[in-house]
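Positions are given from 1, in the same order as the sequence printed here.
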Amino acid sequence: MDDLYREQILEHYKNPHHFGEITDADITQEGDNPLCGDVITLYLKLDDGRVGDVRFRGRGCAISQASASMLTDMIVGKPVQELKTFPTKDLLEELGIPISPARMKCATLSVNTLRVALNGDSHDEED
C-alpha cells in the first residue's frame, strides 16, 4: 500500500495540480523551511468567502511540493473561515505515508503557509 502512496506523491511532485501564479490574487503568502530549503508561495483568489481559485509556486523536496499540490486540491471551493483551522492531520492522511520527525516540516509547510495567509500568524501545529 505504501508504494501506491509513494507513486501518488511522485505524481504530484512531477505534475503538480494548481501550479502557477494568480496575478490578481487576493492573498499571496510565501512560506519556507530554512532547514532544508523548501519554499512555496500560495496564491488565493477569494469568491464570496470561499477559495475560488488557488495556485502555488515552489521548489524543494518531493514531500513539500506534493503536499502543496494535494492541499490545493483539498481547499478549492471551501469556506475561508473553515480553512483558518484546517487540520494538519487531514493533509498528512492524504499523503498516506508515515512522515518522520525530520520530514514533518516538509510535509506541513503548505498547511502552515495557508494558516499564515488566512490568520496572519505563524504557529506550527501538528494536530
(request) Could you list the residues that satisfy side chain to side chain contact (heavy atoms under 4.5 Å, CB included) with D32, not counting sequence neighbours? (result)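 Here the qualifying residues are P34, V39.
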(request) Treating Ile, Leu, Val, Met, Phe, Trp and Tyr as nodes and any side-chain heavy-atom pair under 4.5 angstrom as an edge, say whether Y13 and I40 lie in one connected cluster. (result)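 No, Y13 does not connect to I40 through the hydrophobic network.
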For the atom pair [atom1] ([X]) and [atom2] ([Y]), what is the distance rounded to the nearest 0.5 Å?
X    : Y   : atom1 : atom2 : answer
L95  : D90 : CG    : CG    : 11.5 Å
E30  : T41 : CD    : OG1   : 4.0 Å
E7   : L10 : CD    : CG    : 8.0 Å
R103 : C36 : CZ    : SG    : 6.0 Å
N33  : C61 : CG    : SG    : 8.0 Å

Heavy atoms, side chains only, cut-off 4.5 Å: are [X] and [Y] in contact?
X    : Y    : answer
T108 : V111 : yes
N112 : K105 : no
D73  : L71  : no
S110 : S64  : no
L91  : M74  : yes
L118 : V80  : yes

(message) With a 3.5 Å distance limit and no angle check, can you tell me whether D38 reaches the backbone of L109 through a side-chain donor-acceptor pair?
(response)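 Checking the backbone N and O of L109 against the side chain of D38, no donor-acceptor pair under 3.5 Å is found.
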(request) Give a yes or no answer on whether the side chain of N119 reaches the backbone of K84 with a donor-acceptor pair at less than 3.5 Å. (result)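 Yes, N119 side chain to K84 backbone: donor-acceptor pair under 3.5 Å.
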Donor-acceptor pairs under 3.5 Å, side chain of residues 48-56 to any protein atom, not counting sequence neighbours: which ones?
residue	atom	partner	partner atom	Å
R50	NH1	G77	O	2.7
D53	OD1	R55	NH1	3.4
R55	NH1	H18	ND1	3.2

(message) Strictly by ring-ring contact (aromatic ring centres under 6.0 Å, His included), give each pair with a member in residues 27-51 just once, sequence neighbours left out.
(response)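 Passing the test, one end in residues 27-51: no pairs.
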(message) Per the ring-ring contact (aromatic ring centres under 6.0 Å, His included) rule, what does the pair list look like for residues 88-110, sequence neighbours excluded?
(response)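 Found none.
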(message) Testing the basics here: between I99 and A107, what is the closest heavy-atom pair and its distance to 0.1 Å?
(response)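 In terms of heavy atoms, the two residues are closest at CG2-CB, 4.0 Å.
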(request) Would you name the heavy atoms of G58 and Q65 that are closest together and state the gap between them? (result)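 Looking at all heavy atoms of both residues, the shortest contact is C-OE1, 3.2 Å.
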(message) Using side chain to side chain contact (heavy atoms under 4.5 Å, CB included), reason through M70 and I9 one step at a time and then give a plain yes or no.
(response) CA-CA 9 Å; M70 291 175 178; I9 288 169; 4.1 Å; yes
(message) Going by the rule ring-ring contact (aromatic ring centres under 6.0 Å, His included), which residues pair with H17 if we only count those two or more places apart in sequence or in a different chain?
(response)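 Expected list: H12.
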Show me the side-chain donor-acceptor pairs of residues 19-28 shorter than 3.5 Å, one per line, residues at least two apart or across chains.
residue	atom	partner	partner atom	Å
E21	OE2	R57	NE	3.0
D24	OD2	K45	NZ	3.3
D26	OD2	L46	N	2.7

